[in-house]
Amino acid sequence: MSETGLEALAIRVRACRVCVDALPMEPRPVFQVSSTARLLIASQAPGTRVQASGIPFDDQSGERLRDWMGIDQSVFYDASRVAIVPMGFCYPGKRGGGDAPPRPECAELWRDDLLARMPMIGLTLLVGTYAQRDALGIGKMRDRVRHFSRYLPRYFPLPHPSWRSRIWSRNNPWFETEVLPALKQQVSQALAM
C-alpha cells in the first residue's frame with residue numbers, strides 16, 4: 001500500500017462529518033497514521049483536551065501511557081513509527097461519571113481501511129475495554145491485562161491510562177511489577193524492527 005493512498009484516506013477521514021448532529025463539539029477526527037508504522041495504539045476516543053488540540057493523547061492519559069511504554073514524546077508522535085487509531089475519532093460527550101463510549105460510526109466507516117493501509121504493524125496496544133473488545137471479543141479487561149502474554153506477539157492489552165488507572169494499579173499491584181516491564185520490552189522490540 002502506498003503512503004499516498006493512506007494520505008488520501010486520512011484526508012477523507014479528517015473531513016468526516018457523519019456524526020455532526022450527535023457530537024457535543026464540532027467533529028475533529030484525531031488519529032495518527034503512516035504506512036511505515038510498526039506499533040499501533042488502539043484506544044477509545046479523544047477527551048475534550050485532545051479534541052481541542054487535535055493531537056492524540058495530548059493530556060495526562062498520554063503522559064501516563066508514554067511512561068508505561070517507556071518512550072518520550074518524540075518517539076510517540078513519530079507517525080513513521082507509531083500509529084494511533086482509536087475506536088472513535090471524535091470526542092463522544094459525557095455519560096454518567098465519565099466520557100461516553102466511542103461512537104460506532106468511526107470503526108464502521110474508517111478503521112479497517114486505515115489499518116489495511118498500515119502493513120508494517122507488528123504490535124498493537126489494546127488500550128481500554130473498547131479496543132480489546134473490538135480485537136478480542138467479549139472478556140474481562142483485568143484478566144486480559146494480567147495474562148497479556150496470551151495475546152503476544154500481536155496484541156498487548158492495557159487498561160486505559162486515565163486518572164482512574166492509578167486506583168486500578170493500586171488494586172492490582174502485579175500491573176506495575178509484571179506487566180509494565182514486559183510492555184516496555186515489547187514496545188522497544190516493535191520499534192526496533
Side-chain angles (χ1 to χ4, degrees), residues 1 31-47 56-57 60-72 75-76 78-89 98-99 101-104 106-108 110-193:
M1 303 286 166
F31 60 97
Q32 173 175 299
V33 292
S34 169
S35 63
T36 62
R38 301 281 188 170
L39 177 67
L40 170 65
I41 299 171
S43 56
Q44 299 182 161
F57 284 101
Q60 289 184 348
S61 293
E63 291 173 19
R64 193 167 295 113
L65 181 58
R66 289 186 289 277
D67 183 56
W68 289 355
M69 295 168 67
I71 62 174
D72 63 20
V75 174
F76 190 84
D78 180 352
S80 71
R81 300 173 77 190
V82 178
I84 304 169
V85 182
M87 299 307 301
F89 298 152
D99 289 349
R103 294 201 53 82
C106 294
E108 294 167 5
W110 305 114
R111 220 163 167 280
D112 289 343
D113 285 343
L114 286 169
L115 297 179
R117 287 171 170 79
M118 295 189 291
M120 305 298 288
I121 299 294
L123 176 65
T124 298
L125 305 185
L126 300 173
V127 180
T129 303
Y130 298 106
Q132 291 174 25
R133 186 178 305 140
D134 181 68
L136 306 174
I138 302 293
K140 294 186 178 189
M141 186 201 49
R142 181 185 180 278
D143 294 339
R144 288 181 171 152
V145 173
R146 179 93 194 238
H147 302 290
F148 66 89
S149 61
R150 293 179 184 169
Y151 307 101
L152 293 173
R154 187 171 181 193
Y155 298 118
F156 201 118
L158 293 168
H160 191 278
S162 71
W163 63 269
R164 290 182 177 117
S165 66
R166 289 183 182 177
I167 298 165
W168 191 88
S169 294
R170 247 190 322 258
N171 293 334
N172 299 284
W174 47 265
F175 179 68
E176 289 191 16
T177 60
E178 298 170 28
V179 177
L180 292 184
L183 174 64
K184 288 178 172 90
Q185 179 183 25
Q186 291 295 316
V187 166
S188 177
Q189 289 174 355
L191 294 174
M193 297 170 104

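The residues of the chain are indexed from 1 along the displayed sequence. Owing to the predicted nature of the structure, the values given are computational and were not obtained by experimental measurement. Just the heavy atoms: all of them, side chains too, but no hydrogens, waters or symmetry mates, feed the values below.
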Side chain to side chain, [X] and [Y], heavy atoms closer than 4.5 Å:
X    : Y    : value
H160 : S61  : yes
M118 : L115 : yes
P159 : V145 : yes
F57  : P161 : yes
V179 : N172 : no
D134 : M87  : yes
L125 : L183 : yes
P101 : Y130 : yes

Rounded to the nearest 0.5 Å, how far does [atom2] of [Y] lie from [atom1] of [X]?
X    : Y    : atom1 : atom2 : answer
S149 : E178 : OG    : CD    : 10.0 Å
L40  : L126 : CG    : CG    : 8.0 Å
L114 : S35  : CG    : OG    : 12.0 Å
Q44  : S162 : CD    : OG    : 8.0 Å
R81  : L191 : CZ    : CG    : 5.0 Å
R154 : Y151 : CZ    : OH    : 13.5 Å

With a cut-off of 6.0 Å (strictly less than), are more than 12 heavy atoms of other residues, nucleotides or ligands near [atom1] of [X]?
X    : atom1 : answer
R142 : CZ    : yes
Q60  : CD    : no
D112 : CG    : no

Aromatic ring proximity, centroids under 6.0 angstrom, F156 and W68: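 No: the rings miss the under 6.0 Å criterion.
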Aromatic ring proximity F89/W110, centre distance under 6.0 Å: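 No, the ring of F89 stays outside the 6.0 Å limit from the ring of W110, centre to centre.
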Test item: D72 side-chain N/O and V75 main-chain N/O as donor-acceptor pair under 3.5 Å: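 Checking the backbone N and O of V75 against the side chain of D72, a donor-acceptor pair under 3.5 Å is found.
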Intermediate values then yes/no, side-chain contact (heavy atoms from CB on, under 4.5 Å), F148 and Q186: CA-CA 11 Å; F148 66 89; Q186 291 295 316; 5.8 Å; no
Over all heavy atoms of both residues, which pair between [X] and [Y] is shortest? Give the atoms and the distance, please.
X    : Y    : answer
L136 : R144 : O-NH2, 3.5 Å
Y155 : L152 : O-CD2, 3.4 Å
E176 : P181 : O-CD, 3.4 Å
M69  : F76  : SD-CE1, 4.0 Å
P46  : G88  : CD-O, 3.3 Å
A79  : S34  : O-CB, 2.9 Å

Test log, rule side-chain contact (heavy atoms from CB on, under 4.5 Å), inputs V82 and D78: CA-CA 6 Å; V82 178; D78 180 352; 5.8 Å; no
Audit row: I121, L39, side-chain contact (heavy atoms from CB on, under 4.5 Å) steps and yes/no: CA-CA 5 Å; I121 299 294; L39 177 67; 5.9 Å; no
Derivation and outcome, side-chain contact (heavy atoms from CB on, under 4.5 Å), residues Q132 and M141: CA-CA 8 Å; Q132 291 174 25; M141 186 201 49; 3.4 Å; yes
